[in-house]
Amino acid sequence: PDSYPYTNTTGPEYVPFVAPGFGIGFEIVLFNHFSIPVEIGLMGEVAVPTFSVIDAGLKVQGGFRYRY
């Protein structure tokens, strides 16, 4: 079986991390309630107990939501 990072065991273990980032985005609003946010920015993920970088780089994200 594959070993999981930070544990050297075969079972999953909870690893807390922080994800700082910054960027810019815009939001399309439809019918006064539905919105589609689109964002782009720089983001990194750092594991808290070991302070090792998990991931870093340019990220694009979006979504679909109902605004009450």
Side-chain angles (χ1 to χ4, degrees):
D2 295 334
S3 60
Y4 289 85
Y6 313 114
T7 63
N8 295 325
T9 63
T10 57
E13 183 176 312
Y14 174 72
V15 178
F17 67 91
V18 294
F22 66 93
I24 190 167
F26 62 92
E27 182 176 17
I28 301 167
V29 179
L30 306 169
F31 307 111
N32 293 329
H33 289 287
F34 295 102
S35 71
I36 302 169
V38 178
E39 300 149 4
I40 185 168
L42 296 173
M43 188 181 97
E45 295 178 0
V46 179
V48 174
T50 60
F51 294 106
S52 60
V53 176
I54 297 173
D55 186 27
L58 187 63
K59 305 293 182 181
V60 178
Q61 62 184 16
F64 181 77
R65 60 184 166 202
Y66 178 82
R67 299 183 77 158
Y68 181 67

Under a 4.5 Å side-chain heavy-atom rule over Ile, Leu, Val, Met, Phe, Trp and Tyr, are Val60 and Ile24 clustered together? yes
Would you say Met43 ends up clustered with Phe22 if hydrophobic residues are merged whenever their side chains have heavy atoms under 4.5 Å apart, either directly or through other cluster members? no
Distance check, rounded to the nearest 0.5 Å: Tyr66 atom OH versus Ser35 atom OG? 11.0 Å
If you look at every heavy atom in Phe17 and Ile54, which pair is closest and at what distance? CB-CD1, 4.1 Å
Measure from the side-chain N and O atoms of His33 to the backbone N and O of Tyr68, and report whether any donor-acceptor pair falls under 3.5 Å. no
Consider only side-chain heavy atoms of I, L, V, M, F, W and Y, link residues closer than 4.5 Å, and tell whether Ile40 and Val38 are in one cluster. no
Hey, is CG on Leu58 packed in by over 12 heavy atoms from elsewhere, all under 6.0 Å? yes
Would you say Phe64 ends up clustered with Val29 if hydrophobic residues are merged whenever their side chains have heavy atoms under 4.5 Å apart, either directly or through other cluster members? no
So, taking the atom named CD1 in Ile36 and the one named CZ in Phe26, what distance separates them when rounded to the nearest 0.5 Å? 9.5 Å
Taking salt bridge (charged side-chain N to carboxylate O under 4.0 Å, His left out) as the cut-off, I'd like each qualifying pair that reaches into residues 45-55, sequence neighbours left out, listed once. Asp55-Lys59
Which pairs pass salt bridge (charged side-chain N to carboxylate O under 4.0 Å, His left out) with one or both residues in residues 30-39, sequence neighbours excluded? none
